Each structure stands twice: as C-alpha cells, then as structure tokens.
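Okay, so here's the structure we're looking at.
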Amino acid sequence: MMLGTVRRFGVSHALRATAPRSISARLATQLPKWQAPSTISSLSATRSLHSSFPRLSAATAQAIVEETEPSKPAIITEFSDLAGENLIHNKIIKNIIQPDRMNLKTMTEVQSLTLNEIVKGDDILAQAKTGTGKTLAFLVPTLQNILNDPSVDVSKVGRRSARTAPSEIRALIISPTRELAEQIAVEARKVAFGTGLIVQTAVGGTQKRAGLAKIQQEGCHLLIGTPGRLKDILSDPWTGVSAPKLNTLILDEADRLLDQGFAPEVEEIQSLLPDPTKVDRQTLMFSATVPREVLQMVRQTLKPNFKHVNTVREDELPTHQRVPQKVVYTRGLENSLPALLELAQNWQARRDNGEELRPFKAIAYFNSTAETKVSADAFNAVARSSEFRQSSMRNMKMLEINSRLSQAVRTRSADNFRKAREGILFSSDVTARGMDFPDVTHVVQIGVPRDRETYIHRLGRTARAGKEGEGWLFMHPGESDVYRKRLGRLPLKVDTALESANADLTRSLSNDTPVGKIVSQITEGLAQCDNATKVKSYMGQLGTATGNFNSKREAIQALNQMFISSYNMQTLPELSPRLMQQMGLNRIDGVSVGDGTRQRREGGFSRGGDRSRFSRDGDRGERGGFSRGGDRGGFSRGGERGERSGFSRGERGGFSRGGDRGGFSRGGDRGDRSSRPRRSFEDSFNDDFRF
DNA sequence: AAAAAAT
C-alpha cells in the first residue's frame, strides 16, 4: 500500500550553509510500537469505521524511505519522538503535544514526509489533501530552522525594552487571502510560543501604519501576509521592514498564487527579496491541487533539485473518500435557496427524531459576491421570522463573507462562524482555500464553480482533521457542459430527494405542503432584500452564467425567470449596448437593452463606476410602487403568481425592450449559436449527455 | 460583468 511518494529532482542537494549537521543521523531509529505486522490492515479498518484521521503508518513511511532513500532509517510519526532526536526544540514540541495547548499526538503523512526535507533546506512542492495539516507541516520545521540559525537572537524574550529589528525576517509566507494569512499566524504563534520567535502579519484591509508600527517596535522573524500589502511594505524603504537574511519563502495555496491573477505580484515580491545566489534560500510550495498549467511556473520558481512530496496517490483524487458528494439538478436558478433551506430543515428534523447527527453547520458557496449578499440577506430575514424562531432551526446563525464587505465585518463573520455550533456561512471564494472552520458538516456549492480546483478546495472546508462531512452541488441543467468538463471525473452522485429543487416556482404553490412552506419562507425573505442588491445579483450572475451555461440564451432565460418569479422584480436590469456587445448578447432574446443614459438616473441600476460596497443608498430600485408596496403582507401566492405566469406568455407589453418574450421564450431557435462557432463543439459535446 | 488582492 503506497500512500505517499517523495520524488527527487536532479542529482545533488544544495545544502544551506546554516543547515544543521547530518539530519539523517538524528532520525529516530525506533519504530512506534503500533508498527506490528497487522498494522496496515487494522489501520485501514479503523479508518473506515471511525473515519479516523489518515495518519501515516510507520510501515508505509518505512517503505517510502526505502524506495527513495535506501540508506536512511524510519521517518518519525509521533510529535513526541521529535524530542529525543534533538530535531525540534522542546518548547515547540510541548506547544504541540500538551493537552492544554495544541493537543496533537501523531503527525500526518504530509507532516512526516516533509519535516526532514524542510529542515535540511531543500525546496519542496508538497501536495496533500485538504484538511490534513499542511500548515503545521511547513510551520514547525520553518520555525525550527529560524531557531537553528545562530545569527538569530531570541534572547530578548520577555524583555520589554529590548527589540528585534524589523529587518530580521527569516521566513516569509504568502497567502492568497487575508483571513488565511491571519489563521496561519494564529497557528504559528501557538507553535512558537515561548521560543522568542516573533510572528507578524501584513494584510490588506487593516491600518497600514498600525501594522507597520507593530513590526517596527517588536521586530519580526516570520512574516505572513497577502500579496498586495507585502509588496507595499517590502517595496517601501522607509518602513525599515526588509528581509536581507531571508532563508525561507513559503507559498501557501501555491497553485493559486502562481496562477494568472496572482503570479505578477508574487514575482514582484520575489524581486524585493535578496538575490538567491547571494543569500541561499529555500522555497516551499503547499497545496491540495497542482494543476498541470502551473507546473511550469513551479519548476521555474523552485530549485532544479526540488522534491515533490505527494501524499495523494496517482490513481486517486485530492478529495476525501469519506466525503459523500451529491449533485442536485434544480429546475430553475430560483430553486437553489429553497433547496438549501430544505437541506437544513431535513437535517435538523432528523436530529429532532433522535438520529445522532452533528448540528447543521454549512458553508454555501456562490460564484458572485452580490448573489452571496442576496442569499445571506434573504436567509437572515427568514431567520427573523417567528416561524423560524419557533422551529428547531432557531439557533442557526446566518453569516456572510465576501471581499466586498469591510475587513472588520469579514473578520467578525469568520470568527462568529468558527464559534457557531450551527448555522450557514454564505460565502464567496474568499473562504474556499485553507480556512479551517471547525465541524462544518455540509459544503453546498450553488452553481458550477469556475474550475475543478475551486470545487475541491471548497469541498475541503468539510471533513477536516478526521471528521466527516458531505458535499452538495446545486446546478441548473443548463450548466451541463461545464459540469462535465470541470467536474466530470469527480465522484458526484445525483440526488433527487430535495423536493423544492424541482418545484415550479413560476406558479403558485399551496402553502400547506412542505415545499410550499419552504418556498414561501424564501419568498418572504427575498421580499425584504432591497432591489438594488437584487439587480447587482442579477448582473453578477450574468457574468458567470453566460460563461457557465450551454448557451447564452438559456442563461438569460434562466436568470430572467429567477429575477421575475423569485426576486419578484418587475423590470429587468438594463444592459448597455456596449456591455451586450462585450458579452456577446446582441442576438439573444430577453435581454433588456438600455441606452446608457437611463442607468445614471436610476441609481440602483447603475453598473459602471459604482464599485462601492453594497450600498443601501437611495432605494430607487423601487420604482413606481411596483415592488413591496401594498398589502402583500401574507404573501398570498395564489393570485399574484397567476398574474405573473400570465406575463410569461408575453402579456408584459413594454416590460422589456429587448423583445416581447421577456426571457421566458421556449422557442427552439438558438439564435446565438451561429454567431459563435465555439458553441458548436460544446453543443455537440452535450448531445450525448442526458439527465 | 464574473473570486481575490493595496489605497
């Protein structure tokens, strides 16, 4: 049973000048007592029964070592064993294993397999599944290496007047998000407690001057940050923050940092660091996913003799076997939120019936920030209703996080969700990677994610540290092409149990069926969201849906239906001709065309320029008493709905200027196809795929 | 107009 591999590139190792003497000589030779011949089979049995955390079996580690480094003794698998070998500082080990501290015993595969290599000073690309302790894998040896460096002065512990210079940075960790940087810092401080090592952060959204002052006053050995702020601080000579003695550069979520969006900034940061030919440094890259596209970048950035530590077997996927993954085809885009509520209610109902289930703690992922907001607002409104507060759902916290919120709110949401026993975090991809929220039972992805890696990382927010969890994907049938292309090989099973996923929400539903109740709760919740937010959500989803759907026409149709029937809006957002041109929507029915002047008058519907947070300003979306007015109190679905479905048959008159079909046209002509040859391939791809 | 990330 081959669980992990260490691959070596090149022939020789460039050992750092400061590297401690012969590490292999210090390695533990004794194997842990549970390395009995039966260990491997009993280990796997234990794993499936209790879904215990997949630790590295000593026998496996031995096998790996034998294969790659025949002369070396066993790899250490217990944190406590690191003490006897003088490999890791006693204080660090205490911090890790003491019950009143981190309370960990056994190392994970990725931790065991990278420790010696990192202490040695080698460059590493480490790949391991989500939630298997990658952070600790690079923190422990990196902090140890700083302690090993004789030029590092840690004697200043506790002395108030003494200070370490802000130019003493020995290791730098780059993270793709602010929250992840902060989370890594929290863990680093736990590991470094009492050692005298100073850990600092540099992230955006915080007061630059205050953060800078802190680094200047206290000094810094390990700096953790996000690309923008790091670049800002390191490029400004006046800050005094610099890293002339940098030994270690770590890219957490390396593939993300090396992709299109981040690579230029990361390169700039590297250019601000000392020349690696003058000051030898190691570079460490960690991630659960390393797509082929970035391998070239990885090779360019690492030394030629870097090692690839991969604990994900070649024949398996970087998702956990113990995470059931389900895909739900929703009738329309408007069915997602009811289906989410139903999922939560079903789970809580089962708990009420005495089933031993953990409290429902879910993250709902959306592809646009505005959709995240509408959904969070709607669920927050639902949670305020008396019906909800009298149900078994009453303790659920509804939280929101995305990059458009102020950093203070983001941090508060993340903290509250960490603490929450049960609830739903409505999230964009800010939390998709690396974030460690304890006890997440469900990850629900609404809409097909932008790529396979995103799916895997989002899913990885559950089933962490040996716990169980489940993944759900709610998607519109119109996304079938990208679904197959991006997620085709992943083990998703179709689930049809959620009734509200399939209900026709363009018609009235009886309020006394379970589905009717769920739908009316969502409808009431959405009614309390402001119109400007709904319009932004439409526009945001337009951006992703036109890319995700098999045809643009289908995307528009689905979006319009959601906007009218579920958001309860009367007038479609207008798209400027320029935007329509850009998006290739010129020949698509159902698009509301604006002339570009009106949008400025109608504040709520603006697009260009208004990059502010979701402003509640001038509630101008509510025009002419269309929405929310009147005595809708009871949400009488009957008449209202009937009226609306009438609209769909073309009785809307001037409702949308882009043709009289209002987006509900079911006609067969796919006008957009001929204009976009790329479609034909995707369409033919779709032909042999049926639901 | 579509995550994120400096002001």
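Side-chain atoms are counted along with the backbone in the values below, which use heavy atoms only and exclude waters and symmetry mates. Values in this document were obtained by computation on a predicted structure and should not be read as measured data.
Using a 4.0 Å cut-off between a side-chain N of Lys or Arg and a carboxylate O of Asp or Glu, A/D259 and A/R256 qualify as a salt bridge.
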Show, in sequence, the C-alpha distance, side-chain angles and deciding distance for A/Y365 and A/T431, and conclude whether the side-chain hydrogen bond (donor to acceptor under 3.5 Å, both in side chains) test is met. CA-CA 9 Å; A/Y365 281 106; A/T431 68; 2.9 Å; yes
Is there a side chain to side chain contact (heavy atoms under 4.5 Å, CB included) between A/T132 and A/H320 once you walk through the steps? CA-CA 10 Å; A/T132 59; A/H320 289 279; 3.9 Å; yes
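A/K231 comes within contact range of at least one nucleobase, with a heavy-atom separation under 4.0 Å. Contact annotation for A/G204: backbone-only contact, meaning every heavy-atom pair under 4.0 Å involves sugar-phosphate atoms and none involves a base. Residue contacts for A/Q582: at a heavy-atom cut-off of 4.0 Å it reaches a base atom on one of the strands shown. Residue contacts for A/R433: at a heavy-atom cut-off of 4.0 Å it reaches no nucleic acid atom on any strand shown.
Put simply, A/S428 has a side-chain N or O that comes within less than 4.0 Å of OP1 or OP2 on B/dA4. One finds a side-chain N or O of A/T226 lying less than 4.0 angstrom from the OP1 or OP2 phosphate oxygen of B/dA6. At B/dA3, none of the side-chain N or O atoms of A/T177 fall inside 4.0 Å of OP1 or OP2 (strictly under the cut-off). Put simply, A/R410 has a side-chain N or O that comes within less than 4.0 Å of OP1 or OP2 on B/dA5.
B/dT7 atom P lies 14 Å from atom CG of A/D236, rounded to whole Å. Atom CD1 in A/I401 sits about 15 Å away from atom P in B/dA3, given to the nearest Å. If you take NZ of A/K208 and P of B/dA6, they are 12 Å apart, rounded to a whole angstrom. Per the geometry, CD1 belonging to A/I233 stands 10 Å off P belonging to B/dT7, to the nearest Å. Computed from coordinates, the A/Y538 OH to B/dA2 C1' distance equals 14 Å when rounded to whole Å. The distance between atom CG of A/L212 and atom C1' of B/dA6, rounded to the nearest whole Å, is 13 Å. For the pair A/I556 CD1 and B/dA1 C1', the computed distance is 11 Å after rounding to whole Å. Between the CG atom of A/L405 and the P atom of B/dA3 there is a distance of 12 Å, rounded to whole Å.
One donor-acceptor pair, N or O on each side, does fall under 3.5 Å between the base of B/dA3 and the side chain of A/R256.
The distance from atom CD of A/E334 to atom CG of A/L559, rounded to the nearest 0.5 Å, is 10.0 Å. Expressed to the nearest 0.5 Å, how far CG of A/L258 lies from CE of A/M297 amounts to 4.5 Å.
Relative to the side chain of A/S403, the nucleotides B/dA1, B/dA4, B/dA3 differ in distance, and B/dA4 lies closest. Side-chain proximity of A/D232 to B/dA3, B/dA1, B/dA6: nearest is B/dA6. Among the nucleotides B/dA4, B/dA6, B/dA1, the one closest to any side-chain atom of A/R229 is B/dA6. Residue A/F262 places its side chain closer to B/dA5 than to any other of B/dA5, B/dA1, B/dA3.
Figure legend: A/K361 and A/F417 shown as a cation-pi pair, the cationic atom lying under 6.0 angstrom from the six-membered ring centre and within 45 degrees of its axis.
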